[in-house]
Each structure stands twice: as C-alpha cells, then as structure tokens.
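Whatever order the structure lists them in is the order used to number ligands and atoms, beginning at 1. We use all heavy atoms of the structure for the numbers below, so side chains are in, but hydrogens, waters and symmetry mates are not.
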Amino acid sequence: MNIEETYRMLGVGEQVLRLGEEVLKELEPRFRGIDRIAEINQGKVLAAMQKNRVNATHFAATTGYGYDDSGRDTLERVYADTFHTEAALVRPQITCGTHALTVALSANLLPGDELLSPAGKPYDTLEEVIGIRSSPCSLKEYGVSYRQVDLLPDGSFDYPAIGRAVNERTRLVTIQRSKGYQTRPSFSVAQIGELIAFLRRIKPSLIVMVDNCYGEFVEENEPSDVGADMTVGSLIKNPGGGLAPIGGYICGSEACISRCAYRLSAPGLGQEVGANLGLMPAFFQGFFLAPTVTASALKGAVFAAKLYERLGFRVVPTGEEERHDIIQAVELGSRRGMEAFCRGIQAAAPVDSYVTPTPWAMPGYDSEVIMAAGAFVQGSSIELSADGPIREPYAVYFQGGLTWYHAKLGILLSLQKLVDDGLIRL
Ligand SMILES: *Cc1c(COP(=O)(O)O)cnc(C)c1O
C-alpha cells in the first residue's frame, strides 16, 4: 500500500493530501529546528535518569502511606535535575494542573500577603482559586489579596505599571507562559526571564511561580532556568508524554517545594508520604518520551498554521512565529466551520473515532462549546484534541498529537471535512 492509498483508506482525498504535501515541503527547515530542540531535551532527560541511577526497583508499586518509596523519590530527583531545580514534587495525588497550581500558591501565601499577576488575567480555573470569581476555599477567603496588571495592547508586559503594583504585601508573582484560551501571545522563556529579573530588582524577596502548562520541552530552557522559584504543570499535558494517566508537578527551590509537600499532604508529613500506586513505569517512561511527543505536537501545530494560513484563515500564532507552547488557534469564521474542523479531528482519533462532536452548553461558559478528542487518557490534551467556544471569531484551539503522523492525519481530515461541506474550495 502506498501513501495515497493509506490516506484514502483513512478518508483523505487526493487534493487535500497534495496540498498538505506542498505545505510540508516548505516546513522542512522548521521541522529540523523542532527536532533539534527535542534532541537537546531528550539529552537532558536521559542525563537526569542516568545520574539518578534509575533501575527496575523504581518501577515497583507502593501502597498505603508510601514510606521509603524509592521510585517516587527518584522520579522527583529526575524532574528536579531536568528542570535544574533543588527539588520537585511529582505525584499522582496532584489531580490536575489547576490542583498543582493551587498547591503551589496556597503553600506559599499566608493571610495578609498579596498575589500579583503581571501578565493579565490568569487561566479560567485559577479565577476561583484566587477568588476573582468567589468560591469556597479561595485564597481570598483565607485573607490573600490579589492584584493584576494587564498586558499592553501589543501583548507585552507593562513594566511601569508592574513596578507600581509591587508593594510591601506582595509576596508571590504568578506568570502564565501559555496563552491558554486567550488571544494574547504566549511568552518565551527569555521574556519570562526578563520579567523575573525586573521583579527581583524591585523586591528580591518575591517568590515567582510560572504556570508552565503546555510549555514543557517546547524550548531548550524552562522557566526554572531563568529564575522561577516554582515551575508548575500537568502530567496529562507535555511532561507525561501521553503515558501518565494523572498527575501534576512542581519543580523549584527546596524552601518552596517542601512547603508545597506539607500543603499537599499535611504539616509534619510532607514529601515522606504518598504511595505511587503502580504508576511509576508510566511516569518514568512518559517523561522519557515527552521531548519527542512534544515535538510531534509542535509539528502538528505548525503544519495546521501553515495549511490554514495558505487557505486564507487567520491563525495564532502564524506559521512563521516562534513557538512557546503547543496550542494553535485557527479562526474558521463560522459555526459550521468549527463543526467540520472538529469532526475531522475526531474522525482521526484512535479512540471514539465514530463519535460526532456537537456544540453544548458547558457549565461556566457564556456560549456553547465544541470539543473533539478521542484520547486514551480522558481529557488529555497532549493527545490530539480541538475545542472552542461557538462565538466570534469562531476559533478552534487545536493541540496535541502523540505522534506527528497522527497530528498530520487529524489536520488533513479537518480540511477534508471543510471541503466536503462546501466551506472551502481547493
Ligand atoms: C491546562 C492549563 C491549566 C490547568 O488545567 P487543568 O485542566 O486543571 O489541568 C492551567 N493553566 C494553563 C495555561 C493551562 O493550559
């Protein structure tokens, strides 16, 4: 079977395939750059595993309290060495990215302290954690105040306003690397480093936390390399490599991480408890695969950008821009366009490929939302997935792809559905 037959079997017609191949030719230098970063990050992860003498005993399951869990402790050393930090907390008991961020914030903020976001509004779920939208057990309820400095219209940091916002109560600064589901640009590690240096000149005692969700292994460096005290993320995104079925991580200074451990378990217990429940093989192997899995997702994002740009759609970021996370937005301009795109992504999935995604009124959103995902791990967004609110500018946010070939198929099928529905003519 040749390539044309393979794609025909999967539902992609000749014209769509030909256009895809044309676009791919232009992307060769770009893909080499992505591979080069994956190579560097693969080296970092391997060196950390070798240095910590990872061996088969580390894959054993523990239960109950999990005292003397050498697999768990070694995994945390491997994360710490990869992120170049003193310590790390990497646990299945951290249920998601929001939970990891909540642990990091609530462990290091005390009543009377102020939290500062110098990069505008944080990720949706953090609004309730902070108390921007009121919620039981928010930081606000515990007497932690919040201040926000919005980004300038061009998406850059408003340094003078940030300078004015830091006061005697400011204790912790939260910086979100990825745009998430906003339209602002994502920040590079270098930009984050400049902001951290600026903040430290004003107030050296500040604790800086970076929400690193979707950013791991996209660049050669991580926020922890440019001065972040805590770098935080989810294991069902990049660093889990698609194999971790749950979990979150916090890498950072010994002082911050030990407080996080006391917050996660209990004062006095800290990092000593927390059984691994047999998840160590998935966590170690997923982390080992994460640099190349992230590269696959990045190739998918760049390919989607180039392909849809060529067809006249607005894409964020563009096919040429540097990447700082794995999210790609494509503005399809209509509800029907979003539905067709998502049908293609869904049809490409290894799981639930026969399902038709339809818009629904999701709690917490002011418009209907459509989602396409056929994942081995529920809700995993390092696996190929797309979603978006049904409203202007009718943008889908597309991310993931455990292998580049799967990401490629998903994008080709999304275009095929748009063509089949008469929304695009090739
Ligand atoms: C995914 C994400 C989170 C956390 O989300 P969970 O769904 O709780 O894992 C936080 N911040 C950003 C930028 C994210 O992309």
Side-chain angles (χ1 to χ4, degrees), residues 89-106 115 117-130 132-133 135 137-139 148 151 155 173-189 191-192 208-219 222-223 228 230-242 244-251 264 286 290 294 297-298 301 316-317 323-329 362-365 369 371 373 375 377-389 395-400:
L89 190 64
V90 187
R91 302 285 169 121
Q93 287 81 12
I94 301 178
T95 53
C96 61
T98 305
H99 188 196
L101 291 158
T102 303
V103 168
L105 291 171
S106 54
L115 168 66
S117 173
K121 183 180 111 47
Y123 197 72
D124 268 29
T125 55
L126 283 188
E127 292 189 359
E128 278 153 306
V129 173
I130 295 167
I132 301 170
R133 274 187 285 139
S135 169
C137 299
S138 68
L139 288 169
Q148 174 178 315
L151 296 169
V173 177
T174 176
I175 304 169
Q176 185 181 311
R177 177 173 174 183
S178 169
K179 64 179 164 305
Y181 300 114
Q182 292 173 264
T183 45
R184 69 154 167 96
S186 295
F187 300 119
S188 67
V189 170
Q191 282 173 304
I192 290 171
V208 178
M209 179 190 88
V210 175
D211 174 352
N212 204 30
C213 282
Y214 287 132
E216 299 88 356
F217 300 132
V218 171
E219 298 183 44
E222 298 294 337
M230 290 186 284
T231 299
V232 186
S234 161
L235 298 198
I236 64 166
K237 293 180 181 170
N238 311 13
I246 190 170
Y249 78 89
I250 309 169
C251 291
L264 178 66
T294 303
L298 272 175
V316 184
R323 298 277 150 163
H324 311 303
D325 62 23
I326 62 168
I327 299 180
Q328 179 64 48
M362 204 174 139
Y365 287 82
V369 175
M371 294 185 168
V377 172
Q378 268 184 48
S380 165
S381 45
I382 187 62
E383 297 188 51
L384 190 68
S385 45
D387 40 66
V396 289
Y397 295 85
F398 158 90
Q399 69 268 311

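- By the salt bridge (Lys or Arg N to Asp or Glu O under 4.0 Å) test, E383 is found to be paired with no residue, residues two or more places apart in sequence or in another chain being considered.
- Looking at R177 against ligand 1, nothing comes within 4.0 Å, counting heavy atoms.
- Against a heavy-atom cut-off of under 4.0 Å, Q176 is close to the following atoms of ligand 1: 13 (C).
- Considering only non-hydrogen protein atoms, atom 2 (C) of ligand 1 sits nearest to K237 NZ, 2.3 Å.
- You'll find the side chain of I382 reaches within 4.5 Å of the side chain of I326, heavy atoms only.
- Of all protein heavy atoms, the one lying nearest to atom 8 (O) of ligand 1 is T98 OG1, 2.5 Å.
- Checked against side chain to side chain donor-acceptor pair (under 3.5 Å), Q328 has the following partners two or more places apart in sequence or in another chain: R323.
- Close contacts between ligand 1 and L101 involve ligand atoms 10 (C) [criterion: under 4.0 Å to a heavy atom].
- Side-chain contact between E222 and V189 is absent, with no heavy atoms from C-beta onward closer than 4.5 Å.
- In this structure, T125 has no heavy atom closer than 4.0 Å to ligand 1.
- Here the heavy atom of the protein found nearest to atom 11 (N) of ligand 1 is D211 OD2, 2.6 Å.
- The shortest separation from a heavy atom of I236 to ligand 1 is not under 4.0 Å, leaving the residue out of contact.
- In this structure, the side chain of S186 engages the main chain of K179 through a donor-acceptor pair within 3.5 Å.
- Counting heavy atoms from C-beta on, the side chains of Y249 and T231 come closer than 4.5 Å.
- Here R177 pairs with E219 in a salt bridge; the nearest charged N to carboxylate O distance falls below 4.0 Å.
- Here the protein heavy atom with the shortest distance to atom 9 (O) of ligand 1 is G97 N, 2.8 Å.
- Ligand 1 places these atoms under 4.0 Å from at least one heavy atom of Y214: 15 (O).
- The distance from ligand 1 to the heavy atoms of C96 drops below 4.0 Å at these ligand atoms: 8 (O), 9 (O).
- Donor-acceptor pairing under 3.5 Å is lacking for the side chains of Y123 and S178.
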